[in-house]
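Data block below; observations after.
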Amino acid sequence: MSLNLIVLAKQVPDTHNVTAEAMKADGTVNRGALPAIFNPEDLNALEMALTIKERYGGSVTVMTMGPPRASDILREALYRGADHCVLITDRAFAGADTLATSYVLSLAIRKISNYHLVLCGRQAIDGDTAQIGPQVAEKIGVNQVTYVEKIENLENGEITLSRALGRVTETIRTKLPLLITVTSSANRPRCFGAKRLMKYKKARTSFEIKQEIESSSPTGRYGIEILEEEIAKKHEELKNKGLLIETWTAKDLNADPESIGLTGSPTKVKKVKSIVFAATETKRIEPTEEGINGLIHELIEERTFG
Amino acid sequence: MGKQYKSNGVLVYIEIDHDEVAEVSLELICKARELADQLGVDVQAVIVGESNLDQFAEQIFSYGCDVLHVIEDERLKFYETLPYTFIVSEVIKETAPQIVLFGATPVGRDLAPRIASKLKTGLTADCTDLKIGDHENKKLKKIYKNILYQIRPAFGGNIIATIITPEHRPQMATVREGVIKLTQAQKNRKGVILPFDISLDGVDFVNTYLERTVSEKKINLKAADIIVSGGGGVGSRENFQLIHDLAETLGGLVGASRAAVDSGYIGREHQIGQTGTTVRPKLYIACGISGAIQHRAGMDQSGKIIAINTDPNAPIFQIAHYSIVGDIKEIIPLMIKAYKTKI
């Protein structure tokens with residue numbers, strides 16, 4: 001059986017490593033200043049897919065919904081071993097909450113016929129909702145297993161896997177197709193392959209082809225028609241070499257306009273407050289025996305130890 | 001079955017954790033009571049499992065629940081996504097609550113989004129507070145009265161967002177464990193148990209449970225008065241023993257930052273912060289913890305905070321009451337010695 005594996009990935013701001021440069025003077029975070037990265041647990045999902053492919057055969061398709069620049073993580077997926085990539089992008093998708101996002105992702109998955117397993121990270125570090133996996137699974141009408149740690153076996157349309165639900169560890173056998181969410185403790189994502197990096201750093205989406213050709217043409221020298229011709233040529237060339245990253249828009253997915261973007265999102269953000277950790281009055285304790293004795297004495301006097 | 005259930009109330013999903021009602025479910029009942037009183041409606045709850053679920057009713061009622069819907073079947077012994085989704089969705093359709101709450105536990109976060117997707121309504125994950133309030137949509141010139149404010153940290157804890165679900169019902173949220181204080185249980189408070197009439201004939205039970213273990217190691221960080229916590233700066237699993245030693249000396253529990261857990265110094269059940277447990281002990285000793293916002297969000301309400309770090313610019317010092325710039329390998333033995341001498 002050649003397995004058809006789909007990985008859902010997200011490009012996220014690196015909220016886990018907020019550097020001093022990304023802090024504003026008022027103590028809040030300048031979100032724009034954070035680097036955009038491959039969501040960490042989606043890398044664990046990709047790693048799991050690649051391991052399954054190596055063990056049982058098949059192909060790995062990585063999909064992401066995001067702005068055009070999210071193609072960066074798709075190239076990263078190619079460097080690591082993905083076979084195909086799809087960028088799902090459209091201005092009409094902007095402002096989507098998890099329900100509207102899961103609707104679009106489910107349409108994209110349905111476009112791929114005969115898939116066996118959909119994998120995604122447990123949650124993304126910008127929202128930490130962990131909702132996309134289950135919401136997509138419901139929309140494509142397949143069973144789900146969340147918090148997966150390990151694939152034990154996969155044969156005859158059945159999969160055996162282990163997962164950790166808080167204190168409970170379970171080994172479950174269930175049917176394919178299935179959607180699973182993968183945790184950070186499942187594996188250690190592989191590094192880029194050197195040969196793959198050399199090959200796939202030339203991979204481009206149609207947006208990028210257009211942008212690169214337009215910016216390299218001296219102003220006014222080419223007419224629109226020549227530009228379009230150049231773009232089509234490059235498109236064809238990359239496609240033949242397997243270096244074209246597919247791009248799907250709302251139209252390609254035949255998405256219902258009422259179910260996408262801000263309009264398709266039942267939840268609305270009413271208010272956002274940046275966290276400012278008010279500086280507490282701090283007492284400096286000298287790191288000496290005398291200093292520590294004083295501190296412990298004070299805490300005992302105040303009955304802090306109970 | 002049918003119209004008699006239509007409640008417009010607040011519905012809580014009761015989770016059973018190792019033959020007990022999960023504490024977060026009781027916390028939710030308390031919050032649901034508060035919200036329901038403001039709205040003038042009932043608190044309802046739904047409990048799903050194998051058998052003998054009535055035994056939990058008294059406890060659930062004592063925190064403020066009015067009606068408990070019970071679904072029992074031998075096939076429902078373990079939580080399984082598809083049948084549980086079907087059942088709870090049916091209960092929601094029948095009882096038509098305006099608000100549905102789940103604990104933000106692994107089970108709650110598996111189940112609630114699946115149901116929200118099925119019912120095509122909004123869901124806010126991992127809320128730290130819930131309130132009732134109004135909302136004005138100036139563009140549509142429309143005022144929404146008494147809707148649910150779903151308050152949660154986002155963006156790695158750097159912001160607090162208030163989310164609303166103005167047009168869709170029910171308004172759904174998962175709520176983090178330990179953020180709602182339990183109210184005093186009223187032992188004699190009465191409620192109604194309603195067996196929920198539902199056929200499971202068409203339901204897919206596709207999972208076979210080959211093995212299932214429950215780890216007994218339950219550490220209740222939320223209830224601890226003293227927590228000694230270690231971070232990535234502790235440096236090694238061997239050094240982490242110092243954290244255990246200090247905790248033991250002071251009669252406290254051991255906590256950890258995500259960095260320490262990710263480095264394998266200690267198990268995930270010890271993690272404090274946005275993705276771990278939220279704590280507010282009387283004394284919190286942060287050792288080798290830089291104080292990323294995610295961590296601070298889980299402990300900044302502690303009564304007294306002592307921070308020990310070699311980096312004088314570590315953000316943890318901003319919220320510490322006592323700051324010690326130094327190496328934990330030197331400081332912790334001094335603290336243990338001082339404590340043993342003084343007591």
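A quick note: this is a predicted structure, and the numbers were derived from the prediction, not measured. Letters go in sequence order (proteins before strands), and every chain restarts at 1.
Contacts between residues 145-153 of chain A and chain B, defined by a heavy-atom separation under 4.5 Å, are made by A:Thr146, A:Tyr147. When the heavy atoms of residues 255-266 of chain A are compared with those of chain B, the residues falling under 4.5 Å are A:Pro266, listed by number. Taking non-hydrogen atoms and a 4.5 Å limit, the residue list of residues 131-138 of chain A in contact with chain B, ordered by number, reads A:Gln131, A:Pro134, A:Gln135, A:Ala137, A:Glu138.
Dense packing is recorded around CD of A:Glu298, with more than 12 heavy atoms of other residues, nucleotides or ligands lying under 6.0 Å away.
Between A:Thr267 and the choices B:Ile164, B:Ile163, B:Thr121, the side-chain contact (heavy atoms from CB on, under 4.5 Å) rule is met once, by B:Ile163.
Remark: the backbone N or O of B:Val206 is not paired with any side-chain donor or acceptor of A:Lys175 at under 3.5 angstrom. A donor-acceptor pair under 3.5 Å is formed between the side chain of A:Gln144 and the backbone N or O of B:Asp110.
By the 4.5 Å heavy-atom criterion applied to side chains, B:His135 and A:Lys268 are not counted as neighbours. In this structure, the side chains of B:Leu210 and A:Thr160 come closer than 4.5 Å at one or more pairs of heavy atoms. B:Tyr209 is listed as a side-chain neighbour of A:Ile172, based on a closest heavy-atom distance under 4.5 Å. Side-chain contact between B:Ile324 and A:Leu295 is present, with at least one heavy-atom pair separated by less than 4.5 Å. With contacts defined as side-chain heavy-atom distances shorter than 4.5 Å, the pair B:His18/A:Val168 does not qualify. Counting only heavy atoms from C-beta outward, the side chains of B:Arg268 and A:Ser184 approach each other to under 4.5 Å. Side-chain contact check for B:Ile306 versus A:Leu299: some heavy-atom pair is nearer than 4.5 Å.
Between B:Arg152 and A:Asp128 there is no salt bridge, since none of the side-chain N atoms of the basic residue sits less than 4.0 Å from a carboxylate O of the acidic one.
For the set B:Leu123, B:Asp262, B:Ile151, the count of heavy-atom pairs under 4.5 angstrom toward chain A peaks at B:Leu123. Between chain A and the options B:Gly122, B:Ala125, B:Pro113, the largest number of non-hydrogen pairs under 4.5 Å is found for B:Pro113.
Shown here for B:Gly326 and A:Pro287, the closest heavy-atom pair between the two residues is CA-CB, 4.4 Å.
In this structure, the portion of A:Leu99 lying under 4.5 Å from any heavy atom of chain B is its side chain and not its backbone.
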Identify every side-chain donor-acceptor pair in residues 333-340 of chain B under 3.5 Å, counting partners at least two apart or on other chains, and give the distances.
from, atom 1, to, atom 2, distance (Å)
B:Lys337, NZ, A:Glu289, OE2, 2.7

